[in-house]
Structure formats: structure tokens, C-alpha cells
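Data block below; observations after.
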Amino acid sequence: MVRMPSTDQYDVHTPALSLTIAGSEATGGAGAQADLKTFQELGTFGIVALTCIVSFDPKDDWNHRFVPVQADVIANQLEAIQADYAGSLKTTKLGMMGSPETISTVATALRNQEWDHVVLDPVLICKGQEPGHALDTDRALKAELLPLATFTTPNHFESEQLSGVTVRTLEDLKEAAKRIHEVSGAAVLAKGGMKLDGPDALDVFYDGETLEVLSAPKIGDHGVSGAGCSLAAAVTAELAKGATPLEAARRAKEFVTEGIRQRVTGNTPFDALWQGGLRRA
């Protein structure tokens with residue numbers, strides 16, 4: 001007979017749960033790997049359902065090699081996750097989808113339960129896809145996932161695509177954030193990042209009532225891998241712990257800024273954010 005430990009021998013407190021539905025990025029800088037590390041750093045229990053496998057090709061200028069996960073496999077992952085944590089899993093982050101079929105599969109699974117928070121990192125282009133297929137994926141994302149989102153974190157390009165605003169200035173970014181909120185109803189953290197002129201990396205938060213510019217000095221002269229994934233994952237973790245959307249945005253900005261400051265270098269032509277940056281801030 002196996003003797004089970006009594007409850008006074010361990011802490012019965014359950015940490016906040018955070019799910020990422022995203023692709024694997026083999027070098028660890030972005031995707032589900034970055035999301036899980038972010039969840040752990042910020043004190044939540046991380047769960048993942050993989051949508052695709054992305055690996056850079058060192059023989060082809062480090063371009064993407066993209067392999068989708070079959071739709072039934074994605075559905076099976078989400079069925080297991082949602083059954084296991086029924087009633088307690090209320091927060092999820094959506095990352096790289098890669099195909100209209102994947103988007104439809106994920107949207108169907110999301111509708112099977114109530115969510116407090118659905119954080120959409122609207123990855124509109126995958127470099128490993130044919131242009132026509134990428135466009136179909138973008139349209140499906142806007143039609144099926146954006147309406148389910150409670151919070152979205154578009155980068156400069158995605159902000160332009162979702163809003164129809166050409167973003168050259170901070171005022172443009174503010175207008176883009178407002179328009180994205182209007183069409184989605186979600187809180188928006190529109191990222192200017194390195195794209196806007198000036199010494200600071202500027203992002204705009206807007207939730208229909210509050211508009212706030214989040215600013216931090218630019219670090220280096222180019223972006224780093226994993227910054228967008230980690231920002232959305234940090235928002236997700238903070239929301240799962242009970243933060244307001246604005247509090248989550250502020251904390252995520254701090255998290256990513258310190259991760260960029262303490263970046264990881266390899267042989268790719270870009271560095272990777274370190275999710276442990278706040279430990280040494």
C-alpha cells in the first residue's frame with residue numbers, strides 16, 4: 001500500500017496559472033520557450049500547447065524553417081489542459097498560430113470555457129510562409145482571434161495593419177492604439193519600440209478610458225529576439241496574478257527592458273532577451 005502524505009507536509013497554496021498557445025523556437029529566445037521562462041520568473045505556473053515548430057536555418061542566413069503541428073494534435077493538447085485545470089485556468093496568451101486551420105482550432109477550444117483574460121500577441125507574418133498563405137492567416141487571426149482577446153500587444157507593423165494608421169510618430173501610435181481598441185474591445189499595448197525616432201522606446205497603453213505612454217531609454221540600436229513574446233507573456237502572468245491591465249502593462253515594460261539590457265548573444269545576427277533580467281536590475 002502506498003501511503004499518501006498528509007496535507008500538513010506540503011503547501012497546498014496553488015500558484016496562478018498561465019497558458020501559452022504558441023510555437024516552439026528552438027534557440028530558446030522566443031516563442032513558447034520565452035513564454036514559459038517569463039511565466040516562471042513572474043511567479044505563475046506555466047502551461048503550453050504548441051502550434052508549430054520554428055527553427056532558424058544557419059545554412060540560409062538564419063531564415064525561418066516552419067513546421068505546423070497538426071490541428072488534431074493541437075486540439076488534443078488543449079482538451080487535456082482544459083480538462084485538467086477546469087475552473088482554475090482563466091488566463092491565456094496566444095502567440096504564433098501559423099495557419100487558418102490552427103487559428104480555427106484554437107478559437108474553437110477557447111470558446112469551450114470562460115476566460116478572465118485572453119492576451120493576443122498578433123503575430124501577423126511568419127517568415128517561413130508563402131505570401132498568400134501568410135495573408136490568409138492574417139485575415140483569419142483578425143476574424144477569429146482578435147474578437148476573443150481582452151488584451152493585445154501589437155508591434156509597430158502589427159499596429160499599422162490592425163488600425164490602418166501609418167505610424168511615424170508617438171501621436172500616430174496613440175491613434176493606432178485607440179482604433180485597435182475600437183475594433184476589438186481589448187486593452188491595447190501598442191509597441192513603438194525601436195521604430196520611432198528619439199532616445200526612448202515608447203509604447204502606448206489604451207483601454208477605452210486610460211491612455212498612458214510607457215517610456216524607457218533605448219538600449220542598443222536594434223531589436224532583440226523574444227522581446228514581443230516576453231512582453232505579452234509578462235502581461236499574461238501579471239493578469240493571472242490579479243493585476244489590472246495597466247499595472248500588467250507597466251510591469252511587462254519593466255520586465256522586457258531589463259531583459260534587453262542583459263541580452264544573450266549567439267551566432268545569429270540578432271541577440272535574445274534574457275527573461276531573468278529583473279534578478280539583477
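Everything numeric in this text was worked out from a predicted model, so none of it was measured. What you see below is based on every heavy atom in this structure, not just the backbone, and it leaves out hydrogens, waters and symmetry mates. The chain is numbered in sequence order, starting from 1.
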- Query: Are His222 and Phe270 near enough that their ring centres are under 6.0 Å apart?
  - Reply: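 No: the rings miss the under 6.0 Å criterion.
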Of all residues at least two apart in sequence or in a different chain, which pass the side-chain contact (heavy atoms from CB on, under 4.5 Å) check with [X]?
{"X": "Ala30", "answer": "Glu25, Ser225, Cys229"}
{"X": "Ala227", "answer": "Val224, Val256, Ile260, Leu273"}
{"X": "Asp57", "answer": "Lys59, Asp60, Arg65"}
{"X": "Ala187", "answer": "Phe151, Phe205, Asp207, Pro245"}

- Item | From CA spacing to verdict: side-chain contact (heavy atoms from CB on, under 4.5 Å), Lys253, Asp203 | CA-CA 8 Å; Lys253 176 75 168 181; Asp203 305 325; 2.9 Å; yes
Grab the two heavy atoms, one from [X] and one from [Y], that are nearest each other, plus how far apart they are.
{"X": "Val69", "Y": "Cys52", "value": "CG2-N, 3.6 Å"}
{"X": "Leu17", "Y": "Ala240", "value": "O-CB, 3.6 Å"}
{"X": "Gly29", "Y": "Ala272", "value": "CA-CB, 3.9 Å"}
{"X": "Leu50", "Y": "Ala32", "value": "CD2-CB, 3.7 Å"}
{"X": "Thr137", "Y": "Ile103", "value": "O-CD1, 3.4 Å"}
{"X": "Gly95", "Y": "Val123", "value": "C-CG2, 4.1 Å"}

Check whether any side-chain heavy atom of [X] sits under 4.5 Å from a side-chain heavy atom of [Y], and report yes or no.
{"X": "Leu141", "Y": "Pro122", "value": "yes"}
{"X": "Met194", "Y": "His156", "value": "no"}
{"X": "Pro154", "Y": "Lys191", "value": "no"}
{"X": "Thr92", "Y": "Ile21", "value": "yes"}
{"X": "Thr236", "Y": "Thr20", "value": "no"}
{"X": "Leu110", "Y": "Trp115", "value": "yes"}
{"X": "Leu19", "Y": "Ile81", "value": "yes"}

Which salt bridge (charged side-chain N to carboxylate O under 4.0 Å, His left out) pairs, counting each pair once, include a residue from [range], with sequence neighbours left out?
{"range": "residues 209-223", "result": "Glu212-Arg250"}
{"range": "residues 168-187", "result": "Glu171-Lys174, Glu175-Arg179"}
{"range": "residues 90-116", "result": "Asp35-Lys93"}

- Task: Answer yes or no: does atom CD of Gln161 have more than 12 heavy-atom neighbours from other residues, nucleotides or ligands under 6.0 Å?
- Result: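 Yes.
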Shared hydrophobic cluster, [X] / [Y] (ILVMFWY, side-chain heavy atoms < 4.5 Å):
{"X": "Val106", "Y": "Val73", "answer": "yes"}
{"X": "Leu246", "Y": "Leu231", "answer": "yes"}
{"X": "Leu278", "Y": "Ile219", "answer": "yes"}
{"X": "Leu42", "Y": "Trp274", "answer": "no"}

Let me confirm one number: the [atom1]-[atom2] distance from [X] to [Y], rounded to the nearest 0.5 Å.
{"X": "Ser55", "Y": "Trp62", "atom1": "OG", "atom2": "CH2", "result": "10.5 Å"}
{"X": "Leu145", "Y": "Asp121", "atom1": "CG", "atom2": "CG", "result": "11.5 Å"}
{"X": "Leu214", "Y": "Asp200", "atom1": "CG", "atom2": "CG", "result": "12.0 Å"}
{"X": "Thr153", "Y": "Leu120", "atom1": "OG1", "atom2": "CG", "result": "7.0 Å"}
{"X": "Gln275", "Y": "Lys37", "atom1": "CD", "atom2": "NZ", "result": "4.5 Å"}
{"X": "Glu144", "Y": "Met97", "atom1": "CD", "atom2": "CE", "result": "11.5 Å"}

With distance as the sole test, does [X] use its side chain to make a donor-acceptor pair with the main-chain N or O of [Y] at under 3.5 Å?
{"X": "Glu258", "Y": "Phe255", "result": "no"}
{"X": "Thr51", "Y": "Met96", "result": "yes"}
{"X": "His181", "Y": "Ala186", "result": "yes"}

- Query: Residues two or more places apart in sequence or in another chain: which of them pass salt bridge (charged side-chain N to carboxylate O under 4.0 Å, His left out) with Lys142?
  - Reply: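 Lys142: no salt bridge (charged side-chain N to carboxylate O under 4.0 Å, His left out) contacts found.
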- Query: Of all residues at least two apart in sequence or in a different chain, which pass the side chain to side chain donor-acceptor pair (under 3.5 Å) check with Thr268?
  - Reply: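 Result, side chain to side chain donor-acceptor pair (under 3.5 Å) vs Thr268: none returned.
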- Check the side chains of Thr102 and Ser99 for a donor-acceptor pair under 3.5 angstrom, ignoring hydrogens and angles.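 Result is yes, a qualifying pair exists.
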- Task: Could you give me the CA-CA distance, side-chain angles and deciding distance for Thr166 and Glu160, then say whether side-chain hydrogen bond (donor to acceptor under 3.5 Å, both in side chains) is met?
- Result: CA-CA 6 Å; Thr166 299; Glu160 290 187 327; 4.9 Å; no
- Leu170: hydrophobic cluster co-members (side-chain, 4.5 Å):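 ILVMFWY cluster around Leu170 also holds Val165, Val167, Leu173, Leu196, Leu202, Val204, Tyr206, Leu211, Val213.
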- Task: For Phe45, enumerate each residue passing the ring pair (Phe, Tyr, Trp, His ring centres under 6.0 Å) test, keeping only those at least two apart in sequence or located in another chain.
- Result: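 Phe45 satisfies ring pair (Phe, Tyr, Trp, His ring centres under 6.0 Å) with no residue once adjacent residues are dropped.
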- Task: With sequence neighbours excluded, give me every side chain to side chain donor-acceptor pair (under 3.5 Å) pair touching residues 69-80.
- Result: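 Of all non-adjacent pairs touching residues 69-80, none passes side chain to side chain donor-acceptor pair (under 3.5 Å).
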- Task: Start with the C-alpha distance between Asp84 and Leu89, add both sets of side-chain angles, then the distance that settles side-chain contact (heavy atoms from CB on, under 4.5 Å), and finish with yes or no.
- Result: CA-CA 9 Å; Asp84 192 9; Leu89 177 61; over 6 Å; no
